[in-house]
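This report concerns only the one structure given below.
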Amino acid sequence: MTIAVFPGSFDPLTNGHLDLIQRASRMFDHLIVAVGQNTSKRGVFTASERVAFIEAGTQALANVSVQVEAGLTVDFMRSVNATVLVRGLRNSTDFEFEQGIAGMNRSLDDQIDTVCLMAAPKYQFVSSSLLKEVAQFGGDLTQLVPPAVAQGLRDRLERDK
Ligand code: ADP
């Protein structure tokens with residue numbers, strides 16, 4: 001049984017993330033989406049809000065679960081017996097970044113392999129940070145995020161005005 005972990009900030013979940021989750025859930029027996037408490041990025045949504053969006057978006061996927069992860073991803077992976085770390089690649093910038101992280105993780109634990117999936121062409125330009133900027137100016141995000149996330153972004157930005 002192969003357990004995979006898809007770690008990220010997911011602040012918030014996008015259809016690009018969801019596409020990757022769906023594809024990875026077909027490849028592995030179990031997929032854990034690990035919501036990180038990233039120290040260098042200040043979140044718009046709390047970890048539990050981010051988890052709730054992902055749980056709602058993955059209800060139909062029986063082998064996907066969601067957890068919050070606070071420490072090193074490799075430590076979290078060992079604690080849940082996961083051996084595959086899933087990440088997404090949208091462009092060459094992602095590649096450079098992921099190559100560095102994969103190398104570091106490999107030096108921390110050489111039993112863990114990183115598997116990178118290419119972003120779907122229609123979501124190649126979708127990032128949580130860009131979406132937050134578009135949302136701030138009232139742009140339409142309905143094609144790019146689940147409806148609950150679009151509503152959540154509108155509410156949050158209205159509150160923080
Ligand atoms: P992090 O802050 O850890 O990069 P993100 O939530 O931004 O977390 O992204 C998590 C993972 O999802 C990363 O591997 C990223 O490359 C991937 N990802 C982000 N957006 C997309 C997308 N539109 N299509 C495919 N993968 C994506």
Side-chain angles (χ1 to χ4, degrees), residues 3-28 30-58 61 63-77 80 82-106 108-109 112-136 139-150 152-153 156-157:
I3 301 173
V5 167
F6 179 31
S9 313
F10 305 104
D11 185 43
L13 176 74
T14 71
N15 287 346
H17 293 133
L18 268 181
D19 176 66
L20 223 77
I21 293 169
Q22 274 155 8
R23 288 158 58 200
S25 77
R26 292 198 296 263
M27 297 172 67
F28 305 107
H30 189 78
L31 178 72
I32 302 171
V33 182
V35 175
Q37 310 258 43
N38 191 332
T39 44
S40 62
K41 283 187 189 174
R42 200 184 152 273
V44 167
F45 294 101
T46 65
S48 46
E49 287 170 326
R50 288 180 258 155
V51 167
F53 286 140
I54 302 168
E55 281 178 343
T58 58
L61 302 172
N63 67 337
V64 173
S65 59
V66 191
Q67 288 192 40
V68 175
E69 174 226 332
L72 280 177
T73 302
V74 291
D75 288 340
F76 171 74
M77 289 182 66
V80 294
T83 52
V84 177
L85 196 165
V86 175
R87 294 284 287 178
L89 296 180
R90 285 162 293 190
N91 48 44
S92 56
T93 310
D94 274 356
F95 175 77
E96 300 278 325
F97 183 67
E98 297 300 338
Q99 192 179 31
I101 301 181
M104 176 56 78
N105 283 330
R106 194 186 176 85
L108 292 171
D109 188 334
I112 288 173
D113 272 305
T114 298
V115 170
C116 291
L117 300 182
M118 302 297 292
K122 64 178 175 178
Y123 298 131
Q124 233 153 24
F125 62 96
V126 175
S127 70
S128 300
S129 47
L130 205 48
L131 288 183
K132 284 181 276 198
E133 276 190 52
V134 173
Q136 211 164 351
D140 178 15
L141 299 177
T142 46
Q143 305 298 314
L144 308 178
V145 294
V149 173
L153 273 169
R156 187 52 46 95
L157 295 166

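The first residue in the sequence is number 1, and the count goes up from there. Read the numbers this way: they start at 1 and go in the same order the structure lists the ligands and their atoms.
The G16 neighbourhood of ligand 1 comprises atoms 22 (C), 23 (N), 24 (N), 25 (C), with distances under 4.0 Å to a heavy atom of that residue. Here is the list of ligand 1 atoms found below 4.0 Å of a heavy atom in F6: 11 (C), 12 (O). Against a heavy-atom cut-off of under 4.0 Å, A119 is close to the following atoms of ligand 1: 24 (N), 25 (C). For ligand 1 and F10, the ligand atoms under 4.0 Å from any heavy atom of the residue are 6 (O). Each of the atoms 1 (P), 3 (O), 4 (O), 10 (C), 11 (C), 13 (C), 14 (O) of ligand 1 lies under 4.0 Å from some heavy atom of R87. Remark: ligand 1 atoms within the under-4.0 Å shell around heavy atoms of D94 are 16 (O).
Taking any N or O of S127, backbone or side chain, none lies under 3.5 Å from an N or O belonging to ligand 1. The N/O atoms of Q124, backbone and side chain alike, include none that comes under 3.5 Å of an N/O atom in ligand 1. At a 3.5 angstrom cut-off on N or O pairs, Y123 counts as close to ligand 1. Where the criterion is an N or O separation shorter than 3.5 Å, residue side chain and backbone included, G88 meets it with respect to ligand 1.
Once rounded to the nearest 0.5 Å, the distance linking CD of E96 with CG of L89 reads 11.0 Å. Summarising the geometry, atom CZ belonging to F28 is positioned 8.0 Å from atom OG1 belonging to T83; distances are rounded to the nearest 0.5 Å. The CZ atom of R26 sits 12.0 Å away from atom CG of L31, with the distance rounded to the nearest 0.5 Å.
No side-chain heavy atom of F45 sits less than 4.5 Å from a side-chain heavy atom of L13. Looking at N15 and V126, their side chains never come closer than 4.5 Å, going by heavy atoms from C-beta outward. Put simply, the side chain of M77 reaches to within 4.5 Å of the side chain of L85, judged on heavy atoms. Side-chain contact between H30 and V64: absent, with no pair of heavy atoms (C-beta onward) separated by less than 4.5 Å. S128 is listed as a side-chain neighbour of T14, based on a closest heavy-atom distance under 4.5 Å.
Looking at V126 against ligand 1, both its backbone and its side chain come within 4.0 Å, counting heavy atoms.
At a 4.0 Å cut-off, not a single heavy atom of F125 sits close enough to ligand 1 to count as contact.
The nearest non-hydrogen atom to atom 18 (N) of ligand 1, considering only E98, R50, H17, R23, comes from H17.
A salt bridge links K132 with D11: the distance from a Lys NZ or Arg NE/NH1/NH2 to an Asp or Glu carboxylate oxygen falls below 4.0 Å.
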